[in-house]
Amino acid sequence: MNLFADFENRIKNTLETIDIIKEKRGEVDFGRLTVEPPRDASHGDVATNAAMVLAKPLGTNPRALADIIAEALKADADVSEVSVAGPGFINIRLSTAYWQRLLSTVIAEGVNYGKSAIGGGRKANVEYVSANPTGPMHVGHCRGAVVGDALANLMQFAGYDVTKEYYINDAGGQIEVLARSVFLRYREALGEDIGDIPAGLYPGDYLVPVGKALADEYGPRLHTMPDEEWLPIVKDKAVDAMMVMIREDLEALNVHHDVFFSERTLHANGAQRIRQAINDLTFKGHVYKGTLPPPKGQLPEDWEDREQTLFRSTEVGDDIDRPLIKSDGSYTYFAADVAYFKDKFDRGYDEMIYVLGADHGGYVKRLDAVARAVSDGKAKLTVLLCQLVKLFRDGEPVKMSKRSGDFVTLREVVDEVGRDSVRFMMLYRKSSEPLDFDFAKVTEQSKDNPVFYVQYAHARCMSVFRQARDAFPDMDVDSLDLKGSVGDITDPNELQLIAKLAEYPRLVEAAAQAQEPHRVAFYLYDLASSFHAHWNKGKESPDLRFVNDKNRQLSVARLGLVHAVASVLKSGLAITGTAAPDEMR
RNA sequence: GGUCCCAUAGCUCAGUAGGAUAGAGCGCAGGAUUCCUAAUCCUGAGGCCGUUGGUUCGAAUCCAACUGGGAUCACCA
């Protein structure tokens, strides 16, 4: 149940009954009409701009029209008060009975409250993380992982049929580098002194056990083979080992994918699927052989004019045509991406979302061009760029050098500050904004991390139920008819809390449509804040406390309110992928 | 140079598909626990929403230009 959708219908129905609107019904449309919570709660519960939007086409002034509409709205039994304010806003105050019914609905719907059907069951593919399988995940992968995961959760909740996907870049030069790095560790495991790791290979210690495993399995045999023979073996083993590590890292962050898609499968059987994808594009007239103009700006020293097979992406919105086949006949990374996109499209997704880091900004137009060409404009592709995360410790930037292997891993961050803290911090910012992440702030003072604030609110809710069990030992607190007991909720502070709960379904829809999971995090903070404030009112006014051992009926009604708050907090926390604890320790 | 992201309180950021007197946290000043966890709450000070134009009943929000900051530019992956 969505209060604002409900009243949008009621208001439109009311408008249809007004004479001057009926007369010119063909000339006015209700498209720009909004029904939303007023910015300032003191104005009312629901506000509409109807009069301001409709005044002009009707040839009247907004205030006068607002008065007419306001009068008509008073006929609704759930409307307790209507006022006209400012340039022509119509503010509606709802009856206590309406709020009570709404609370009853929240309790009845439970975990389903806030679910939406705007997704219409459309198939959506959210691809995120997709870190190269050449080492453990580092902290830079963190944000995309969390944002992608939360977005997928959110869209699922909003009625999409969501697949969480990971693209394994396991085909390309970096995998050969990985294999050679592992081979070195293999020789080391056999007792050879390998000295310093040569430049260009991965120096990280995490490859030591992989080399050891190879030595255990093959003994010295690999060493006697030519490169062409041992390379494929070591590549396979190395990638598998890296993916095991990466999955563990993701698990530590509570991130789970449904599909791990291997780039290598596109290259298999003589790159059959890449060839098919390029043939498909060629058939549609998007491919030609030619040369590219030299890069603008600084010219690379080794730049040469060479003929390649190109994708005419400029015709579908890109700045420059893109190479599919290199001059030596091999396929570019981009060619595999075309095949990968085609695969997704053929799997029947209506919406494809790529969550990428800001360093991939230059890739967006290219992907968009692929989507248009491959799907003839039918696929809806969105690229969500997450800006960079800067790490700080006590206000000092944390230096990282990937080359020396001296980088902060995702695991280190999660182990130090905790999964929930990391996740919530990553979501407590619009993803298009850069983010500063300070270890000290997140761990030392818990109040600097909003996740504790929200979780604390949930724990307090649970605490109320523990109190109730103590106060009414004879009552079976867990099987009360909470939704049927809402009639005693009448205090304005309590009704305000219900109003906050009423915003949830609308928020879920807006956040899902805008693909902005951070809005859920901010809403949770807001709801927690309302709850904490109400809690403290009980300190000053004992008659507002949730549990009152002298008034059993009222206590049960209020347990219903607390239950509803807890339920929405839990629902939102689940979208962000963080826990809703029963108590804080 | 091209493209993309950004500019809101001293600091870090929200601002709900253009709405009313622009909000929160931190920090600062003051206050609240005989009582459900003070990991909480309340009050106050603090603003030319980067600049200039445009669009309209109405702009922090949309458009253009400019200024300033960040990312990126490849036959890499």
For residues 463-470 of chain A, tabulate all N or O donor-acceptor pairs below 3.5 Å that involve a side-chain atom, not counting sequence neighbours.
from	atom 1	to	atom 2	distance (Å)
A:Arg466	NH1	A:Asp582	O	3.3
A:Arg466	NH2	A:Asp582	O	3.4
A:Arg469	NH2	A:Asp478	OD1	2.8

Between B:rC62 and B:rA7 - P atom distance, rounded Å: 10 Å
Atom-to-atom span, CG of A:Leu384 to P of B:rC4 - whole angstrom: 17 Å
Span that lies between the P atom of B:rC63 and that of B:rC28, in whole angstrom: 40 Å
Rounded interatomic separation in angstrom, taking CG from A:Leu388 and P from B:rG69: 17 Å
Residue-level proximity of residues 461-472 of chain A to RNA chain B when a heavy atom falls under 4.0 Å: A:Ser463, A:Gln467
Under 3.5 Å, N/O pairs linking protein and nucleotides 55-58 of chain B:
from	atom 1	to	atom 2	distance (Å)
B:rC57	OP1	A:Lys56	NZ	2.5
B:rC57	OP2	A:Lys56	NZ	3.4
B:rG58	O6	A:Arg32	NH2	3.4

Canonical and wobble pairing (Watson-Crick, G-U, under 3.5 Å) of RNA chain B, dot-bracket with |: (((((((..((((.....[...)))).(((((.......))))).....(((((..]....))))))))))))....
Sugar-phosphate, base or nothing in reach of A:Arg322, heavy atoms under 4.0 Å: sugar-phosphate
Whole angstrom value for the distance that separates C1' of B:rC5 from CZ of A:Arg143: 11 Å
N/O donor to acceptor pairs below 3.5 angstrom from side-chain atoms of residues 50-68 of chain A, sequence neighbours left out:
from	atom 1	to	atom 2	distance (Å)
A:Asn61	OD1	A:Arg63	N	3.1
A:Asn61	OD1	A:Ala64	N	3.0
A:Arg63	NH1	A:Gly86	O	2.7

Selected nucleotide, minimal atom distance to A:Glu433 side chain, candidates B:rC13, B:rU40, B:rA20: B:rC13
Presence of donor-acceptor pair under 3.5 Å, side chain of A:Asp526 and base of B:rA24: no
B:rA22 and B:rC48, which share atom name C1', separated by this distance in whole Å: 13 Å
5' precedence on RNA chain B between A:Gln513 and A:Asp40 (nearest-nucleotide basis): A:Gln513
Integer angstrom distance from the P of B:rC49 to that of B:rC42: 28 Å
Distance, C1' atom - from B:rG70 to B:rG31, rounded to whole angstrom: 43 Å
Lys NZ or Arg CZ of A:Arg322 over A:Phe334 ring: under 6.0 Å, within 45°: no
Separation of B:rU72 P from A:Leu367 CG (nearest whole Å): 17 Å
What pairs of nitrogen or oxygen atoms, one from the protein and one from nucleotides 31-34 of chain B, lie under 3.5 Å apart?
none

Touch class at under 4.0 angstrom, heavy-atom based, for A:Ala85 against every strand present: base
Heavy atoms of other groups near A:Lys12 NZ, more than 12 under 6.0 Å: yes
